[in-house]
Amino acid sequence: MKRSGFTVMRKLAGLIRPLSSYMVLAVTLGLAGNLAASFITILGGYGILSVLKMSGISLVVLFVSAIVLAVLRGILRYGEQACNHYIAFRLLALIRDKVFTALRKLAPAKLDGKAKGDLISVITSDTELLEVFYAHTVSPICIAILYSLVMFAFIGSQAIVLGMYALVCWMIIGIAMPVFISRLSKDDGMQYRSKAGKLSGFVLENLRGMDEILQYGMGRERIAKMETMSDDLNHDNYRMKMKTGLNTTLSNVLILLMDVGMLIIAIHVTDFSHALIAVLAFMSSFGPVTALAALGSTLQNTFAAGNRILDILEEDPVVKEIEGQKDIVFQGAKAEHVSFAYGEEKVLENVSVDAKHGKIIGIHGRSGSGKSTLLKLFMRFYETDKGQITVSEENVNAINTANLRDMESFVSQSTYLYHDSIRNNLLLAKPDATEEELYKACRKASIHDFILSLPHGYDTEVGELGDTLSGGERQRLGLARAFLHDADFILLDEPTSNLDSLNEAVILKSLHEEHENKTVLLVSHRPSTMAITDVVYSVENGRMS
């Protein structure tokens, strides 16, 4: 969704409310600091008038005042920047928390198929880029407005015409220039951020597929494509830098011409003393508005990053979390005349399954027939197009999401393991589990002895994505998680596909021993796995038989 720069700025600025007191302090310190810098120059003008006997202020007073203002300028500038960066980093942490919360609500339906590298780019580099907005944009805008009003009053006190001229000049530099450069830049920032995200995704994809790249000798081709993407990104960056340079050059030229204009007008409308003070005040007044002029080009990148983050924060989830309902106890589950499609691709049509409490229900069918999708519908990762999924005679769309997930354990075909210890990966299912509960779950999954044989036992690191383990070992850890969670409804998607017959037998024995107190919905294409089921449903082409 494309938003205007003003809309992005307004929405991002709205996040500052919890830290508004710090923002007020930053603006106050910044305003005082810029006025101190300008009045050092103005005091120099009064010094000239004092030497010419056109002012009654002594040089000693002027000299001491200038020193005091110089010291204050340094202190105030430091205080302003400290406040701005405190606000920025506090807000970056808040935004990351909001983004992760939004992603959790969007998952998995809205995130399936999205480039993970691009999401990583949003979470990391795009969020970091907002530091420019919060530390170097919001307070400078407020400071420039307040500073211009104060200096307008001061220069206007010398001659109102000069004050009006100064105000027009500041508006040209601080408003017209940023708008002009922003329009000139158009969508450069969004294109750059999108391409940067795609490059991140491409690099991540190559790192994960390094074995295949080496096996099939595709290294040169992948490197060539990455270089092409990098060159394209550099070209966009160069174009944006050129516009930044154009912005700076135009601003400097305009300021020089405006200084000359002020000098000419001042000579004709007032006397020497007032003209001198007004001209010096005007020449020293462009700091705050020049900072705004620079925003025209630099903010394009920031607005693009903010736009991408707002896309996540404001996107409506396909499946919304349910809260506020009365928690229920598991007493069986059903799929009743369920139909479901991924977009235009119909996956399930008029499917019904009755998973009675204490039974092992088998679902058999060829790959791609919709078996895995049916389990996800029971988990309410998606919502049915037609028909309904019920648990304990309640539609899952009316059950508290936390209550539903607490009643269910889902083991998918590919177990995800974090770059952490085996222990911590298992405790994801039950953080407060005792050591004995951990061991018992792993014995049921036929993985306990293997873990103990590792150098550090349960504290052994599994590597990124569990790549130090085999597919069968990862699968057994996934089953151990499910056993540890100890839910009443266990959904297993090809739980023994990567296991040998011995380990499969141990796990099936555990499931059979547990099933009197549990309901197991078991998807598999293996006849040996189906042997322990009480009822078998066959799914072919999305239809139940």
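Only heavy atoms go into these numbers, but all of them, side chains included; no hydrogens, no water, no symmetry mates. Quick note: residue numbers are just sequence positions, from 1.
Within the model, atoms CG of L484 and CG of L426 stand 7.0 Å from one another, a figure rounded to the nearest 0.5 Å. Taking CD1 of I361 as the reference point, atom CG of D534 lies at 6.0 Å (rounded to 0.5 Å). Here the straight-line distance linking atom CD of E349 with atom CG of D385 works out to 11.0 Å at 0.5 Å rounding. Taken from CG in L521 to OG in S409, the straight-line distance is 12.5 Å, to the nearest 0.5 Å. Between atom CG of residue D493 and atom OG1 of residue T373 there is a gap of 9.0 Å, rounded to the nearest 0.5 Å. N400 contributes atom CG, which lies 10.5 Å from atom CD of E394 (distance to the nearest 0.5 angstrom).
Using a 4.5 Å heavy-atom threshold, the side chains of K11 and E314 count as touching. The closest side-chain heavy-atom distance from R239 to H235 is below 4.5 Å. Side-chain contact between L477 and I451: present, with at least one pair of heavy atoms (C-beta onward) separated by less than 4.5 Å. Contact check for N397 versus R380: side-chain heavy atoms found under the 4.5 Å cut-off. No side-chain heavy atom of T401 sits under 4.5 Å from any side-chain heavy atom of E323. The shortest side-chain heavy-atom distance between K440 and L438 does not fall under the 4.5 Å cut-off. Contact check for R222 versus F202: side-chain heavy atoms found under the 4.5 Å cut-off. Side-chain contact between K518 and D486 is present, with at least one heavy-atom pair separated by less than 4.5 Å.
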Under 3.5 Å, side-chain donor or acceptor atoms of residues 92-99 against the rest of the protein: list the pairs with distances, not counting sequence neighbours.
| residue | atom | partner | partner atom | Å |
| --- | --- | --- | --- | --- |
| R96 | NH2 | E128 | OE2 | 2.4 |

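Side chain of T384 to main chain of G387: a donor-acceptor pair is present (N/O by atom type, distance under 3.5 Å, no hydrogens or angles). Judged by distance alone, with hydrogens and angles left aside, the side-chain atoms of R90 form no donor-acceptor pair with the main-chain N or O of I87 at under 3.5 Å. Between the Y537 side chain and the S352 main chain, no donor and acceptor come within less than 3.5 Å of each other. At least one donor-acceptor pair closer than 3.5 Å links the side chain of E473 to the backbone N or O of S470. A distance-only check finds a donor-acceptor pair linking the side chain of Q475 to the backbone of E494 [under 3.5 Å]. The main-chain N or O of M379 is found under 3.5 Å from a side-chain atom of R405 such that the two form a donor-acceptor pair. A donor-acceptor contact shorter than 3.5 Å links the side chain of N425 to the backbone of Y418. Judged by distance alone, the side chain of N234 and the main-chain N or O of S230 form a donor-acceptor pair under 3.5 Å.
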Task: Full working for side chain to side chain contact (heavy atoms under 4.5 Å, CB included) between I399 and I322 - done: CA-CA 6 Å; I399 300 174; I322 306 297; over 6 Å; no
Open item on the list: Run V353 and V338 through side chain to side chain contact (heavy atoms under 4.5 Å, CB included) and show every step you take.
Closed with: CA-CA 9 Å; V353 173; V338 167; over 6 Å; no
Open item on the list: side chain to side chain contact (heavy atoms under 4.5 Å, CB included) for R476 and L469? Distances and angles first, verdict last.
Closed with: CA-CA 11 Å; R476 281 182 283 162; L469 304 176; over 6 Å; no
- [ ] Please test H364 against K371 for side chain to side chain contact (heavy atoms under 4.5 Å, CB included), starting from the C-alpha separation and ending with a verdict.
- [x] CA-CA 8 Å; H364 184 268; K371 306 184 303 297; 5.8 Å; no
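The nearest pair of heavy atoms linking A429 to H485 is O-ND1, 3.3 Å. For T460 against L454, the heavy-atom pair with the smallest separation is OG1-CB, 3.5 Å. The minimum heavy-atom distance between I328 and V391, with the atom names listed, is CD1-O, 3.6 Å. The heavy-atom pair separating A398 from Q325 by the smallest distance is O-CG, 3.3 Å. The nearest pair of heavy atoms linking T519 to K356 is OG1-O, 3.2 Å. Closest heavy-atom contact between V347 and G370: CG1-CA, 3.6 Å.
In summary, E436 and R443 engage in a salt bridge, as defined by a charged side-chain N under 4.0 Å from a carboxylate O.
Ring pair F378/F489 is perpendicular by interplanar angle, where above 60° counts as perpendicular and below 30° as parallel. Taking the six-membered ring where tryptophan is involved, the planes of F381 and F410 are perpendicular, since the angle between them exceeds 60° and thus also 30°.
For the side chain to side chain contact (heavy atoms under 4.5 Å, CB included) criterion with C442, the lone passing option out of Y458, F450, F483 is Y458.
Sorted by first and then second residue, the salt bridge (Lys or Arg N to Asp or Glu O under 4.0 Å) pairs involving residues 409-427 (not counting sequence neighbours) are R423-E435, R423-D459.
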